[in-house]
Amino acid sequence: MNTLATKYDPHAVEDKWYEYWEQHELFKSVPDEREPYTIVIPPPNVTGVLHMGHMLNNTIQDILVRRARMEGKNALWVPGTDHASIATEAKVVKRLAEQGIKKRDLTREEFLKHAWAWTHEHGGVILQQLRKLGASCDWSRTAFTMDEVRSESVLRVFVDLYDKGYIYRGLRMVNWDPKAQTALSNEEVIYREEKSHLYYLKYYVEGLERLDDEEALRAQGNIIHHDERGYYAVVATTRPETIMGDTAMCINPKDPKNQWLHGRRVIVPLVGRVINVIEDRYVDIEFGTGCLKVTPAHDTNDYMLGKTHNLETIDIFNADATISEQSPLYVGMDRMACRKQIVVDLQQAGLMEKVEDYENKVGYSERNSDTAVEPRLCMQWFLKMKHFAELALPAVMNDELKFHPAKYKSTYKVWLEGIQDWCISRQLWWGHRIPAYFLPTRAGEEERFVVALTEAEALAKARQLPGFEQVQASDLRRDEDALDTWFSSWLWPISLFNGINDPGNAELTYYYPTSDLVTAPDIIFFWVARMIMAGYEYMGDMPFRNVYFTGIVRDKLGRKMSKSLGNSPDPLELIDRFGADGVRMGLMLAAPAGNDILYDDALCEQGRNFCNKIWNAFRLVKGWQVSDDAVQPAHSRVAVEWFDNVLRATMAEVKDHFSKFRLNDALMALYRLFWEDFSAWYLEIVKPGYQQPIDRATLNATLDYFDLLLRLLHPFMPFITEELWQHIAERGEGESIMHATIPAPQAADAALLAAMAQAKEVVAGVRSVRKSKNIAPRDLVTLQVVGEMNELCHDVIVKLAGLDSIDVVDAKDATAASFIVGTTEFAVPLKGNVDIAAERAKLEADLKYAEGFLASVEKKLANERFVANAPEAVVAGERKKQADAQSRIATLRAALAALDNQ
RNA sequence: GGGUUGUUAGCUCAGUUGGUUCAGAGCAUCUGCCUUACAAGCAGAGGGUCGGCGGUUCGAAUCCGUCACAACCCACCA
């Protein structure tokens, strides 16, 4: 009679419904009178592929947006991709290299042609993959950070911020990625602890043949080095290859060890350059020998020293970190090779005092993780951040804009309070080209430029400058640099609605501020904080009301998923194995807000099994024959009323979980509702006997419940719920569970829930007796109640426990196995098959526990201070416990006495 | 070096302002079942001195102190 397979097959379902949703434009949103609910996607790298982090992140977004849609809001999820300037350019460069083409042999235009080709070839793959996951994005709005609208927005903002005086150009020490050959922002540098060496180098003191007062100096604490070649200072360094750039040696003026070096000059080893010994309190007396070599061109601190002490700056590196012509030695050699060589040379020349093992932190490029970042002095564009930090801090601190979990507030605060100017220029081609135009100047003159949206405007601006009235377009030279990718991402919630180019437009007014942002905590500075800044600068309002920070997906051993470890499963393969619903559920079960999630295939299996459970419950209900003549049995009537209240209670719980972004708790509540309450209890109660029809009232109620359960589950498991929802009743073309409503929860009848909870315990008690006594399920037994019981669920117990009757008795049968629920004793007569010793042992154990419990309660009540200080309700609660315990003890004693009378 | 968070059952986690039998859930485990929706299943069962120590309180998984361990973030010690 059932034509449906016993196992749910996602393959037959998922693509079908996704196509249906798209075909009927069910993801589409246009402004109307309803309350908007908006999410903007964290745009993935346009040429990237879906990984587990995306799966988690986008599943959460889809759950939120689907739920909001079903709550009657006008829900919009805007998709898009990011051009990922440095990452994409690196990939294109690599591909060109494989074809034997060097980037520098190409013109900008030729290179961009290749980059766009690459983008079109790989671009959008990830958006197709999101469809497999079930993402309900409004695809008609798909944006790209480098499309026309977004590009214009970026340039406009650059011009605006320049005009406002927040953007400046300056010569600064920046983080340089020698592989990509571009500057990076501070946030793009990742520091890693590394095993290295501390080299102690000899810097001979110039022209010092004899120290007259050597003994006196030593007595004062000076540590003086001397060998056959003369007196020397010892400098500890981890980077001996930078000595060619040394322009001073520095000591702390208060360092007793090095007083003898005061005012002297020392000779840089191998190089032979004579440099001054300078003094600055910056130097740590305790570290190494207290002598610091100063290389202003290649270290941030040394650069600062160089500035205060007016030192010469010798840049010994080329852009690719090979040794430059400025160096007297090793020209053309790579920095790492140079380090090895110079160590050997120093040792051979007797200029190396010693070498120690050492651990230090080395900065790496976030995108070229094998490339150590080199501090480099160069001209870059910066954004002053103080103003933006002040804009962005208050709303988060006073919870107008909420972080979930809230612990990230302090991270955010600390960063904003210590914020440094943002280096926004990149020496890359793939990105938004900086709209600055340089004017022709003579050699040695200070550079002059204008900033403007278009070349025509730039020309007009230039001609207003004194001395440039006659300048021609062909004289203007546009800046070669591109902008940091995040300089476009930070506008995303605004630029998606064209809010920069067309301020105040209707869409923007309707959808902004967006509702929730779902993202990983590692981009809180890169992206989240900066979006908040841009939001207040350009909209005067927050970009989103809530930020939900997801955890990081790890393997079950807690290791971060990575390509090199090979511990990251392919998401599409997982979807193929477990179904999209199964995978979504597996991820959500393991993902409490803010906690890292330890991924295990077993979680997806659990999700898949749940799909199967739903599927089979549906098969059961669909297989029932209905008869209008059948009368609704009492147990079904109770079950229908009870389940209605369970639904109400659970819906309230789920709503509460959603309001706190506790999606895994919401899902778990629904999981248990469906599996335990609905399948194991409700359906078992109302299930008609073999080949018996079901009555109309019960069937209708059951179908209504099933429908509502599907709606509640739909945000988590969109495919199977749509499939079954379409089959559970007649639906019109274009109708979808996606737009069915999830009603607001109503108050539940607590007394009925409690009565059923007790009935469940009684049923479990009988089943336990059955199991221990090996009584087959089909053999009916009698249940005796010693005293009174709640009659509400009488028929339910009869049916589920397999009883012929429930007898209220004064004393139970001599040969019965008994159990206690609450304060009532229940017994199942066993027709002489009882193990009296075992019964006695069980009852005595129960009694002992109850007596102990009573004792603790009475001790509490005997304590005057407790009675005097505790709230009345608590004391009353203890009195109730006391009474219950006493009554239970009486029941147990009576039961034991009955046993003795055998 | 600074900051944040965590430590509850074999695993992953709940436990809201201290107080209902508060020590929970899911998974895993054990036992018995191919019972006419589902073995990707059904029924039953076991399992934790809430990281250690000390304190506050009538009462502490919950508040305070301290120690241990772990994770993450930030920071210019060569």
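These numbers come from the heavy atoms of this one structure, side chains and all, not from hydrogens, waters or symmetry mates. Chain identifiers are assigned alphabetically (A, B, ...) following the order of the sequence lines, protein sequences preceding nucleic acid strands; residue numbering begins at 1 within each chain.
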Rounding to an integer number of angstrom, what distance separates [N] and [M] when you compare their [atom1] atoms?
| N | M | atom1 | result |
| --- | --- | --- | --- |
| U4(B) | U57(B) | C1' | 30 Å |
| G52(B) | G26(B) | C1' | 29 Å |
| U8(B) | U16(B) | P | 16 Å |
| G6(B) | G44(B) | C1' | 36 Å |
| G18(B) | C64(B) | P | 10 Å |
| G15(B) | A9(B) | C1' | 14 Å |
| C13(B) | G19(B) | C1' | 25 Å |

List every contact pair, protein side and nucleotides 31-34 of chain B side both N or O, where the distance is under 3.5 Å.
unit_1 : atom_1 : unit_2  : atom_2 : d
U31(B) : O2     : K771(A) : NZ     : 2.1

Pair [X] + [Y]: basic N to acidic O under 4.0 Å:
| X | Y | answer |
| --- | --- | --- |
| E241(A) | R239(A) | yes |
| K660(A) | D656(A) | yes |
| R577(A) | D601(A) | yes |
| K860(A) | E858(A) | no |
| D302(A) | K307(A) | no |

Among [options], the nucleotide that comes nearest once only the side chain of [X] is considered:
| X | options | result |
| --- | --- | --- |
| K687(A) | A78(B), A37(B), A43(B) | A37(B) |
| M668(A) | C72(B), A25(B), A37(B) | A25(B) |
| F287(A) | C77(B), A37(B), G41(B) | C77(B) |

Query raised in the report: Going by modelled atom types, is there a donor-acceptor pair between the base of A40(B) and the side chain of R608(A) at under 3.5 Å?
Result: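 Indeed there is one.
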Query raised in the report: Would you say the base of A37(B) and the side-chain of E684(A) have a donor-acceptor pair closer than 3.5 Å?
Result: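 Checked by distance alone, the answer is yes.
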Counting any heavy atom closer than 4.0 Å, what does [X] reach on the DNA or RNA strands: base, sugar-phosphate only, or nothing?
| X | result |
| --- | --- |
| T238(A) | sugar-phosphate |
| R672(A) | sugar-phosphate |
| Y303(A) | nothing |
| A764(A) | sugar-phosphate |
| A680(A) | sugar-phosphate |
| A236(A) | base |
| L598(A) | sugar-phosphate |
| V875(A) | nothing |
| S772(A) | nothing |
| Y282(A) | base |
| K293(A) | nothing |

Requested in this report: Taking the six-membered ring of Y191(A) (Phe, Tyr or Trp), confirm whether the NZ or CZ of K361(A) is under 6.0 Å from its centre and within 45° of its axis.
Outcome: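 Not satisfied by the 6.0 Å and 45° rule.
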Query raised in the report: Honestly, is R608(A) close enough over F578(A), meaning NZ or CZ under 6.0 Å from the six-membered ring centre and within 45° of the axis?
Result: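 No cation-pi geometry.
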Distance test, side-chain N/O of [X] to OP1/OP2 of [N], below 4.0 Å:
| X | N | value |
| --- | --- | --- |
| K407(A) | C73(B) | no |
| N664(A) | G26(B) | no |
| R865(A) | C58(B) | yes |

Query raised in the report: For the rings on F661(A) and H404(A), is their centre-to-centre separation under 6.0 Å?
Result: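 They qualify: ring centres under 6.0 Å apart.
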Query raised in the report: Taking the six-membered ring for Trp, are F678(A) and Y682(A) ring centroids under 6.0 Å apart?
Result: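 F678(A) vs Y682(A): aromatic centres under 6.0 Å.
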Requested in this report: Between S768(A) and T6(A), just flag the one whose closest nucleotide in RNA chain B comes earlier from the 5' side.
Outcome: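 That would be T6(A).
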**Report entry** E605(A) or K556(A), whichever maps to the more 5' nucleotide of RNA chain B
**Finding:**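 The answer here is K556(A).
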Query - E359(A) atom CD, over 12 foreign heavy atoms within 6.0 Å - result: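 Yes.
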Query raised in the report: Should we count NZ of K409(A) as having more than 12 external heavy atoms under 6.0 Å?
Result: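 More than 12 heavy atoms, drawn from other residues, nucleotides or ligands, come within 6.0 Å of this atom.
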Report task. Using a 3.5 Å limit on both pairing distances, list the dot-bracket string of RNA chain B from the 5' end; Watson-Crick and G-U wobble pairs count, crossing pairs take [ ], interstrand pairs take |. Result -> (((((((..((((.....[....)))).(((((.......))))).....(((((..]....))))))))))))....
